[in-house]
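The structure appears right after this line, and notes come after that.
Note that the structure is predicted; figures quoted are calculated from it, not measured.
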Amino acid sequence: MKLIVAVQELVTDGLPDVEPSWRDLHAIELEGPLINAEMDLLDVQISLLDRPASELGRRRLRRAENKVLAARRTVTNRLGTGEAA
């Protein structure tokens, strides 16, 4: 634990303690569904690493990939309409 604190002090030494702005928080909120979809995709990919390829596994992977694409499209459309500003 002391090592973690020492490394953190080295990394943040001299940097002011700054909280994220409301714009940063809003951007994170807009990207939340995309982040969740990417985490779901990663979970599926990890679960398929040590299993032989099956039709069910391929379907799960395709579904997760489609979910990421849909979330990415939604985020892009929101940013394009100026909703993030």
Note, T74 side chain near R78 side chain (heavy atom, < 4.5 Å): yes
Minimal non-hydrogen separation, V68 against A37, with atom names: CG2-O, 3.4 Å
Carboxylate-amine/guanidinium proximity below 4.0 Å for R58 and E55: yes
Rounded distance (nearest 0.5 Å) linking atom CZ of R59 with atom CG of N66: 13.5 Å
S21 side chain reached by H26 side chain, heavy atoms, under 4.5 Å: no
Within-4.5 Å side-chain heavy-atom neighbours: E38 and L34: yes
Spacing of CZ belonging to R62 relative to CG belonging to L69, to within rounding of 0.5 Å: 13.0 Å
Inter-residue atom distance I28.CD1 - R23.CZ, 0.5 Å rounding: 14.5 Å
For the student: nearest non-hydrogen atoms of P33 and E29, plus distance: CD-O, 3.9 Å
Shortest non-hydrogen separation from G57 to L48 and the atoms involved: O-CD1, 3.5 Å
Heavy-atom side-chain contact between D40 and K67 under 4.5 Å: yes
Nearest-0.5 Å distance that lies between atom CG in L61 and atom CG in L56: 11.5 Å
